[in-house]
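Before any comments, here is the structure.
Just so it is clear, the model here is predicted, and its values are computed rather than measured. Every chain is numbered from 1 and lettered A, B, ... according to where its sequence line falls, protein lines coming before strand lines.
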2 protein chains.
Amino acid sequence: MSDAQAVKRSASKAEGDERHEAIYRAVSDAIVEQRLKPGARLREDALADVFGISRTGIRKILQRLALEQLVTLTPRRGASVTRPTADEAKDVFDARQLIECGLMPDVARRMGDKEAAELRDMAKRERQALRNGEQSVAIRLSADFHVRIAQLSGNATLAAFVESLCSRSSLILAVYGHPGHLGCESHDHDDLVGYLETGNGERASAFMSRHLKAIEASLSMVEEEENVPDLQQIFGG
Amino acid sequence: MSDAQAVKRSASKAEGDERHEAIYRAVSDAIVEQRLKPGARLREDALADVFGISRTGIRKILQRLALEQLVTLTPRRGASVTRPTADEAKDVFDARQLIECGLMPDVARRMGDKEAAELRDMAKRERQALRNGEQSVAIRLSADFHVRIAQLSGNATLAAFVESLCSRSSLILAVYGHPGHLGCESHDHDDLVGYLETGNGERASAFMSRHLKAIEASLSMVEEEENVPDLQQIFGG
DNA sequence: GCTTGTTTTATTGTATACATTGAGCCATCA
DNA sequence: TGATGGCTCAATGTATACAATAAAACAAGC
């Protein structure tokens, strides 16, 4: 059953707010999982038809996604999946460095057996997805892993921000990453859980820093050239 | 001329987007400057009348403010200025500690004479406002000072997040701060500029940490008790 | 044949009407 | 007199109709 059908089916009973939340999540997931690729247009009518609500609700959802930088709203042009610039990509990864690494001590302090097991399970499922070639699932699980760790810090505000950063990272990987080469490969996530489990916040922080640097370094930061740059150069020269 | 009148007057010529932006800023400013106090209800009809647009545009603005946690949207109850909880307050100040302090090295590196002069001017105007008893102006300038510094880091994503945190801090001060005792008193801001000007990121970071801790310590973190807690206790016991 | 101007169409922006629901009020009854 | 029930009203949730506008298709001229 498709996402849209699942949402529609639950519509009859669910409250309006929950329906909106489900639709929001369906679109957000599709973007994070790269089934909706950067630059893809999101027409209001089409989305309204697919999810069985009117454009009013769709616009509300698109605005929310726009504030999270997942979609770009161009006046009179409508919504499209955001195509991050190289500058934005750098900002996002710098922010993740600062915050995710800075949270490691807190996370290590609050880490218990249950939390460690949960994280290990997520890492395991991520590896399995990678082996099975389920790229979308792997991307999502990787983002979820980072978000879950941030949540374990106990700071809801920072966790929500990390969630936003991870979603945007998925877009960045879609644009600048090499196809087939996923960000969080190897056993990095398992190793990280190990450091956190032993309460070694400093080592976890250093490891997270290397981990994020490795992801960023794997990107090929080539901005696509303008379509018609000749005219621009004429004006410039 | 009042904010609403100013917005209305510019409405005839301005594009719709700019009008919305102006209204958003008018409401946001009123909240940050504590002219709209936490808990104040924001009825859609009233706002629509005041600003001369329909409820549709007002709802869009309220949703944006809600995502920034400045207003709280209660289903079927409408919008009201957010009253931060003690937990939220702690999260916000912890987040500011991590981010604003972490940005100091970058800021110190990019600090030039022009930037330092701009910051000194803001600090000066803030002190003047405090002396003149213009509390709203002082609150705004204090928040602007912190935001401007974050912008100087060059990371737009983190700067936007700091802006959100500063706005929420204003709400927190409104609820938990002592009346008349403003957060950023004394010459802290001037001193901070001094450290940044000399490129001493580490000292600036340490100073910012103390500065934020001092603000947080000045709060009286007493959650107001529930109105009718007896029933709750009966169920609990 | 390519560029430019015009018409058409498709899509978003805005407002308003209607439905829904929570809150306040009043009357009735214990 | 106080509480509970229903009733009225006010405010929000939702959808739809209309207006504005940008893209696209098309036609005309160079």
| said: So that I can tick it off, tell me whether B:D144 and B:R140 are bridged by a salt bridge, with the cut-off set at under 4.0 angstrom between side-chain N and carboxylate O. | reply: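 Between B:D144 and B:R140 there is a salt bridge, with a charged N closer than 4.0 Å to a carboxylate O.
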| query | Would you call B:D94 and B:K90 a salt bridge, using N to O less than 4.0 angstrom? | reply |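 B:K90 and B:D94: salt-bridged.
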| Going by the side chain to side chain donor-acceptor pair (under 3.5 Å) test, which pairs reach into residues 148-162 of chain B, not counting sequence neighbours? |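 Those involving residues 148-162 of chain B are A:R168-B:T157, B:E118-B:R148, B:R148-B:Q151.
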| Distance below 4.0 Å between B:R77 side-chain N/O and C:dG22 OP1 or OP2 |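 Negative; the distance criterion is not met.
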| Between B:R59 and D:dG13, is there a side-chain N or O to OP1/OP2 distance below 4.0 Å? |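 Yes, within the criterion.
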[X] has an atom [atom1]; how far is it from atom [atom2] of [N], in whole Å?
X     : N      : atom1 : atom2 : answer
B:I23 : C:dT14 : CD1   : C1'   : 13 Å
B:I58 : D:dA11 : CD1   : C1'   : 15 Å
B:D45 : C:dA17 : CG    : P     : 13 Å
B:R76 : C:dT21 : CZ    : C1'   : 6 Å

Side chain proximity check, [X] to [Y], heavy atoms < 4.5 angstrom:
X      : Y      : value
A:V92  : A:Q69  : no
A:I58  : A:D45  : no
A:L152 : A:L119 : yes

| Between B:E216 and B:Y176, does any side-chain donor sit less than 3.5 Å from a side-chain acceptor? |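 There is no such pair between these side chains.
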Provide a list of protein-nucleic acid N or O atom pairs under 3.5 angstrom, restricted to nucleotides 15-17 of chain D.
from: D:dA15; atom 1: OP2; to: A:S54; atom 2: N; distance (Å): 3.3
from: D:dA15; atom 1: OP2; to: A:S54; atom 2: OG; distance (Å): 3.0
from: D:dA15; atom 1: N7; to: A:T56; atom 2: OG1; distance (Å): 2.8
from: D:dT16; atom 1: O4; to: A:T56; atom 2: OG1; distance (Å): 3.4

| request: Hey, can you tell me if A:H211 and A:H146 have their rings parallel, tilted or perpendicular (30° and 60° cut-offs)? | output: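 Rings of A:H211 and A:H146: parallel, as their planes differ by under 30°.
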| request: Consider the side chain of B:R43, meaning its heavy atoms from C-beta on, and name the nucleotide among C:dG13, D:dA11, C:dT11 that approaches it most closely. | output: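 Of the options given, the side chain of B:R43 lies nearest D:dA11.
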| Among residues 60-75 of chain A, which contact DNA chain C at a heavy-atom distance under 4.0 Å? |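 Those residues: none at all.
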